Q: 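Here it is: the structure, laid out below.
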Amino acid sequence: MKEIKSSDYSVWIGDHSFSKLNISAYSKIAILVDENTKRYCFPKLQKLENSIVIEIKSGEEYKNINTCNFIWEQLTEHNFDRNSLLINLGGGVIGDMGGLCASTYKRGIDFVQIPTTLLSMVDASSGGKVGINFNQFKNHIGLFNNPKAVFISIDFLESLPENQLKSGFAEVVKHALISDNSLWKRLLSIPFVDLDWEDIIETSVHIKNKIFSADPFEKGERKKLNFGHTFGHAIESYYLEKGTPILHGEAVFMGMILETEISHLSETDKNEIKNYILSNFALPYTPKKYNLHKFLINDKKNQSGKINFSLLNKIGNCTIDNLFSTDEL
Ligand code: GLY
């Protein structure tokens, strides 16, 4: 098993056994699943004594305070004390919401992330951001709190639909573009279907780990991880409001194309990025920019009424706090 050390926990890649965790030290353990991870992933987990399963419905629309209430009720009804553990077995919704529930239950119990989607393996499961949506605002309520450990196993990718795999890959592409030109060259030279997932995930987790470790609370450096996400979140909200939600990664791919256009890059680099994304991934229609303005002006990163972008200044390098008014876009 490979270990990537973060501030006060480790990401373990290659296994989902709990050998690196002192599991017997916990009085009780709950495993948070949805109907998909219960069916496809839970059977692959080591059986744990003294554990219960808490099942919630899958989907972004359940990432809210009502589902948190249910999780807290389950922990309470089963007399979970402060020395308990919550294992989040799932994608970003389970990890973020389980993380928030664990961080607040009786002022905080330990939690472990076992990401089962590519998106959560390379992004959501590490970095300590936990939270839920509030009304139409994504991740509006939350906090920074690190898991006890993250266990990544590519076994779980076997049951992941291809569109979800491609969606998660948007974050890998982002990591290459903002911080690692050699990863970018690797992505260009190897067809998507031939990628070595364990290797790609390890490189990607390393990049994210390096960035957020330098700035855990997103005051500076960590903002680089927002490349593609300012337009991306606006596009996601646009489709959500229309009643035809799209995948996060699809929105991020479109966001990266729009943010590449306003980045300080040569035309050759801009075309290389756009061609790579458009030739590998079938994306929904990109909304007109004026239809995105109302979402952009509500972005939580805005400063003094201006929209805040993290943009590329070359492939493998990113600058933060590029401010634009909607008229300038
Ligand atoms: N997903 C971006 C971050 O963790 O900061």
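Order of appearance sets the numbers: ligands from 1, and atoms from 1 within every ligand. All figures in this text were calculated on a predicted structure; none of them were measured in a lab.
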Q: Are I320 and N226 side-chain neighbours, meaning at least one heavy-atom pair lies under 4.5 Å?
A: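 Counting from C-beta outward, I320 and N226 never come under 4.5 Å.
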Q: Output all residues satisfying ring-ring contact (aromatic ring centres under 6.0 Å, His included) with Y40, sequence neighbours left out; order by chain, then residue number.
A: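 Per chain and number, Y40 pairs via ring-ring contact (aromatic ring centres under 6.0 Å, His included) with no residue.
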Q: Counting the benzene-type ring for Trp, do F253 and F169 have ring centres under 6.0 Å apart?
A: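 Between F169 and F253, which both carry aromatic rings, the centre distance is not below 6.0 Å.
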Q: Note every protein N or O atom lying under 3.5 Å from an N or O atom of ligand 1, pairing the names and giving the distance.
A:
| from | atom 1 | to | atom 2 | distance (Å) |
| --- | --- | --- | --- | --- |
| ligand 1 | 1 (N) | D123 | OD1 | 3.0 |
| ligand 1 | 1 (N) | D123 | OD2 | 3.2 |
| ligand 1 | 4 (O) | K208 | NZ | 2.7 |
| ligand 1 | 4 (O) | R222 | NH2 | 2.8 |
| ligand 1 | 5 (O) | K129 | NZ | 2.9 |
| ligand 1 | 5 (O) | R222 | NE | 2.8 |
| ligand 1 | 5 (O) | R222 | NH2 | 3.3 |

Q: Would K106 pass as a cation-pi partner of F80, given that its NZ or CZ must be under 6.0 Å from the six-membered ring centre and within 45 degrees of the axis?
A: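 Ring-cation test returns no.
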Q: Answer with yes or no after comparing the ring centroid distance for F309 and F227 against a 6.0 Å cut-off, counting only values under it.
A: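 That pair fails the under 6.0 Å test.
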Q: Should L143 and L100 count as side-chain neighbours, where that means a heavy-atom distance under 4.5 Å?
A: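 Heavy-atom side-chain distance check passes, below 4.5 Å.
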